[in-house]
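Here is the naming used below: chain letters follow the sequence lines, and residue numbers restart at 1 for every chain. Since we're looking at a predicted model, the values are computed, not measured.
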Amino acid sequence: MEVKEVLDKYGNSPGRLLGAMLEYQRSKPQNYLTKEDIQAFAKETGLPVSRVYSLVTFYSLFSEVPRGRYIIQVCRDVPCHVNGSVNVVAELEGLLGIKMGQTTEDGMFTLEYTSCIGCCEMAPAMQIGETVYGNLTPEKIASIIGELRRAGK
Amino acid sequence: MVNITINNKKIQVPEGTTILNAAKQAGIDIPVLCYHPDLDIKANCRICVVEVEGARTLQTACSTRVWEGMAVRTNTPKVRQARKIIVELILAGHEMDCTYCKRNNRCDLQKIAADLGIRENPFRHVERDLERDTSGPSLERNPNKCIKCGRCIQMCGKVQGLSLLDYAGRSDEVEIKPAFGKYLTDIACVACGQCAVVCPVAAITEKEDIDRVWEAINDPDKVVIVQTAPAVRVALGEEFGFEPGKVVTGKMVAALRALGFDKVFDTDFTADLTIIEEGNELLQRLSNGGVLPMLTSCSPGWINFIEQYYPELLPHVSTCKSPQQMFGALAKGYYAAKIGKRPEDIFSVSIMPCTAKKYEAQRPEMSVDGKNPDVDVVLTTRELAKMLRQAGINFDALEEEEYDAPFGLSTGAAVIFGATGGVMEAALRTVYEVVTGKTLPSLDFKDVRGLEGIKEATVDLNGTPVKVAVAHTLANARKLMELIKSGKADYAFIEIMCCPGGCIGGGGQPYGTTNEVRKKRIAAIYEADRDLPIRKSHENPAIKKLYEEFLGEPLGEKSHHLLHTHYNDRKA
């Protein structure tokens, strides 16, 4: 997908830039925006590069570094914290053999924190792409990862 | 009008007034950090909080507008406590080497901390150790000092229209920086230094070159000469407690001599020379079908702008060097021989209201011998003030002195170079008389004066109406460039100054520059012009003598070699 293409789809206006950049990023195998991508969005929208860079670095949904095919975002806000998000992170780190913020060697998974994703009623929760998983237990986490591994091969 | 009480004092203010401005009217100071009178209200630093009767929480004075019957308290335990915590939190993330800081004693944050009587900080100090940018000859960035007020973002974006700085990152990792954290030398920065002028701390500052000047002064083998730009004399006094708008030319000359400079000269002399060369260039372009409108070339921030943003319009720019560089070229290519020295024996210093001048001075083409720069060091007005304080010179007590010959004699036309519209007015005074052979009935071209963004005037030159325009700030310059590109600019001559108000509002001028201060400095410039015996460049006898003795004629071979230059396409 090209920058121009995605802007045509969303409508080339500053207000629609976030959605366009997100879709563009998702279409990339490594789930990140390069310097050239950011400059291209600035050029096409007529916004200053510093402004687009500001947006990209502000929202945790964007990344400037290559990431895995699946981005696992563990909520670290209060309700999830109280319900043991620390254990979720430990479980994921053990299963994937990486630390928070890292990407698995096969490029399949990246582990990240996120702010509240609005699923406090099923804390602890995490989000992978557009899918939200709640009431997480070690068994549930293992099965989610196992399924994605199979699907992603 | 609205009736309010501030600290039990009843006052009347116009509707829509902010608490901050109402308090000022009542003689009450409220501290500010992110607020700047010429920029948008951001209300992000919170230091200006006050108590408003009936409001559940403290309100920011900069952004809250008064209403009928409002009761404000600016000095309660709650307010003092809140302000203290705000400053403590800012200080916890601020590089705290105040005694080594370039802005020691000139820092808004330091002053507020002192005023609030902060003696210890309950918050843990967080050292971030972010990389400093010392890549350029003009400006330096130290993100560890930045308090994220956002003034620089707005100055670069809204006033200059460049938008090179913005917030990046989030939460406690937020920074203000160019996209991708690039160096200022790797982006299309024009080095105008307006960001540094509005920065309340030392996050963006000019590169200091004071020590190189001391070294030269202390070198017995060097003849150290200095030139002073028109705008410095109307602002330097502010560094020593004078009101803005005080003309301190004589004291400044005395101070420079006291510092140990061998000769004290005036950039105004080469400003007059610029008018002769540039005026003749304009007449030549007008009569030979040259590229019009011709654009002025005095402001190095503006030159940096057109080279990087509109290189296709470079043929419009006058080939005249700026007065600073004309001076430098004459100092090394004429004055040296005149006093029996080699160019490398001369150390030439200039005192400028400008940070971009530091960049200009080190351009490789600005060297008559191809080895040494024509202007060895550029100091800003602020740096000169620092030097005077280092030397223990009591500025106030100095007796006024005169500039040295031969580059000390100048006219009112040269002084007004310091204000937006000044170069145009000076050029018109000369061009009119050269073309018509008549004496101008009035020397004051008031249409091109003042702080309006783009000004126009039409002058009748022997029956031919000649239309001119004047712009200051790069946002306004951009408008005129677009007009030229569209083919709709029917001007013969355009003056462009990079900084708001012209050089009097330059990036090297004393801190605290606001439009209010700019107006006072501009008034002082025209006052200095009015008081000079000669007010037209072509009547400067020292200039006439220079042509007779050395240069020959305007636009002649020597002029071409020493006083004119070329520009580069530097579009990113």
Task: salt bridge (charged side-chain N to carboxylate O under 4.0 Å, His left out) against B/Arg128, all qualifying residues, sequence neighbours excluded - done: none
Donor-acceptor pairs between chain B and chain A under 3.5 Å, which ones?
{"residue": "B/Ser163", "atom": "O", "partner": "A/Ser50", "partner atom": "OG", "Å": "2.7"}
{"residue": "B/Asp166", "atom": "OD1", "partner": "A/Arg51", "partner atom": "NH1", "Å": "3.0"}
{"residue": "B/Asp166", "atom": "OD2", "partner": "A/Arg51", "partner atom": "NH1", "Å": "2.6"}
{"residue": "B/Tyr167", "atom": "O", "partner": "A/Ser54", "partner atom": "OG", "Å": "2.5"}
{"residue": "B/Gly169", "atom": "N", "partner": "A/Thr57", "partner atom": "OG1", "Å": "2.7"}
{"residue": "B/Arg170", "atom": "NE", "partner": "A/Phe58", "partner atom": "O", "Å": "2.5"}

TODO: Starting from the C-alpha separation in whole Å, work towards a yes-or-no answer on side-chain contact (heavy atoms from CB on, under 4.5 Å) for B/Val174 and A/Phe58.
DONE: CA-CA 8 Å; B/Val174 81; A/Phe58 179 80; over 6 Å; no
TODO: Side chain from CB out, backbone as N, CA, C, O: work out which of these in B/Leu165 comes under 4.5 Å of a heavy atom of chain A, or both, or neither.
DONE: backbone
